[in-house]
Amino acid sequence: RFRSLVSSVDQARVTVDITDARDNISTYVEVLLYDNEGDTVASTHLSMNLYSVKVNAEILPTAKVPITWSVRGEPAEGCELTGEASVAPETALVAAPESVLKKVDAIEIPAGQLNITGLTSDLTKTVNIADFLPDGVWLADSSCDGRVTVFIGIRKTAEDTEEEEY
């Protein structure tokens, strides 16, 4: 019975509540055991060599910064940019040491990610901005996985539309 209890343990985790923390935290926290489905495994019948561990958590300042982008290329002949363009979400919450954070004005999606060469209709693309964070900068919102959606409007030019009508 104990062997099956031990074999059901998939991982050990600790949790540190940093809500409203302004300074770094150093604390001891209880080690909890989990099975492969994420359910807690009761440790009352197990002997562990550690029941708590010391955790040091660095609390970094955060800032909300805009997400910017540029495009590469030109639409197909007879097409043009509509002027409609957006990114959703428009901002990201980032964290970094103060000396690094003060240099972060925006998260820039490079033009190579948004190539409109030869397109005849709108471009909608999902991009992971985590790939473009400067060194030492992290996404700070646990509800954000880094994916943003960029929309670039493209349409046929007015002259082409008029020619088609005749």
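Computation of the quantities below employed the complete heavy-atom set of this structure, encompassing side-chain atoms and omitting hydrogens, waters and symmetry-equivalent molecules.
Judged purely by atom type and a 3.5 angstrom limit, Asn24 uses its side chain to pair as donor or acceptor with the backbone of Ile59. A donor-acceptor pair is defined here as one N or O able to donate and one able to accept, closer than 3.5 Å; such a pair exists between the side chain of Lys125 and the backbone of Gln113. A distance-only check finds no donor-acceptor pair linking the side chain of Asp141 to the backbone of Leu93 [under 3.5 Å].
Nearest heavy atom pair, residue Gly153 against residue Asp122, reads CA-OD1, 3.3 Å. A pairwise comparison of heavy atoms in Asp10 and Asp35 identifies CB-C, 3.5 Å as the closest pair. Across all non-hydrogen atoms, the minimal contact from Val53 to Val14 is CG2-CG1, 3.6 Å. For the pair Ala111 and Arg72, the tightest heavy-atom approach, listed with the atom from each and the gap, is O-CB, 3.5 Å. Summarising the geometry of Ala76 relative to Gly118, their closest heavy-atom pair is CB-O, 3.3 Å, with the distance given to 0.1 Å. Contact detail for Thr62 and Ala140: the closest heavy-atom pair is CG2-CB, 3.9 Å.
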Could you go through Glu108 and Thr68, starting from their C-alpha distance and side-chain angles, then the distance that decides it, and tell me whether this counts as side chain to side chain contact (heavy atoms under 4.5 Å, CB included)?
CA-CA 5 Å; Glu108 172 74 26; Thr68 60; 2.6 Å; yes
Could you walk me through whether Cys79 and Arg155 pass the side chain to side chain contact (heavy atoms under 4.5 Å, CB included) check?
CA-CA 5 Å; Cys79 294; Arg155 67 175 172 224; over 6 Å; no
Determine, stepwise, if the pair Val148 / Thr126 fulfils side chain to side chain contact (heavy atoms under 4.5 Å, CB included).
CA-CA 6 Å; Val148 300; Thr126 300; over 6 Å; no
Stepwise side chain to side chain contact (heavy atoms under 4.5 Å, CB included) check, Thr91 with Ile67
CA-CA 5 Å; Thr91 61; Ile67 299 167; 5.7 Å; no
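No side-chain heavy atom of Asp39 sits less than 4.5 Å from a side-chain heavy atom of Tyr34. Counting only heavy atoms from C-beta outward, the side chains of Val150 and Leu114 approach each other to under 4.5 Å. Within the 4.5 Å cutoff, side-chain heavy atoms of Leu139 are placed close to those of Leu133. With a 4.5 Å cut-off on side-chain heavy atoms, Thr120 and Ile154 do not count as touching. Between Thr149 and Arg147, the closest side-chain pair of non-hydrogen atoms is not below 4.5 Å. With a 4.5 Å cut-off on side-chain heavy atoms, Val127 and Trp69 do not count as touching. The side-chain heavy atoms of Glu84 and Phe151, taken from C-beta on, include a pair separated by under 4.5 Å. For the pair Glu90 and Pro66, the minimum side-chain heavy-atom distance is 4.5 Å or more.
Placement of Leu60 and Val16 in two distinct hydrophobic clusters is found when ILVMFWY residues are connected by side-chain heavy-atom separations under 4.5 Å, directly or transitively. There is a path of hydrophobic side-chain contacts, each under 4.5 Å, that joins Val9 to Tyr51.
Applying side chain to side chain contact (heavy atoms under 4.5 Å, CB included) to Val137 and the options Val100, Leu101, Ile107 leaves one that passes, Val100. Each of Thr15, Val55, Asp17 was scored for a side chain to side chain contact (heavy atoms under 4.5 Å, CB included) with Val29, with one residue passing: Val55.
Atom CG of Leu32 has more than 12 neighbouring heavy atoms from other residues, nucleotides or ligands inside a 6.0 Å radius.
The distance from atom CD of Gln11 to atom CG of Leu33, rounded to the nearest 0.5 Å, is 10.0 Å. Note: Thr117 OG1 to Leu123 CG = 10.5 Å, rounded to the nearest 0.5 Å. Remark: Ile116 CD1 to Leu119 CG distance equals 6.5 Å, nearest 0.5 Å. Distance check, rounded to the nearest 0.5 Å: OG of Ser121 to CD1 of Ile152 gives 12.5 Å.
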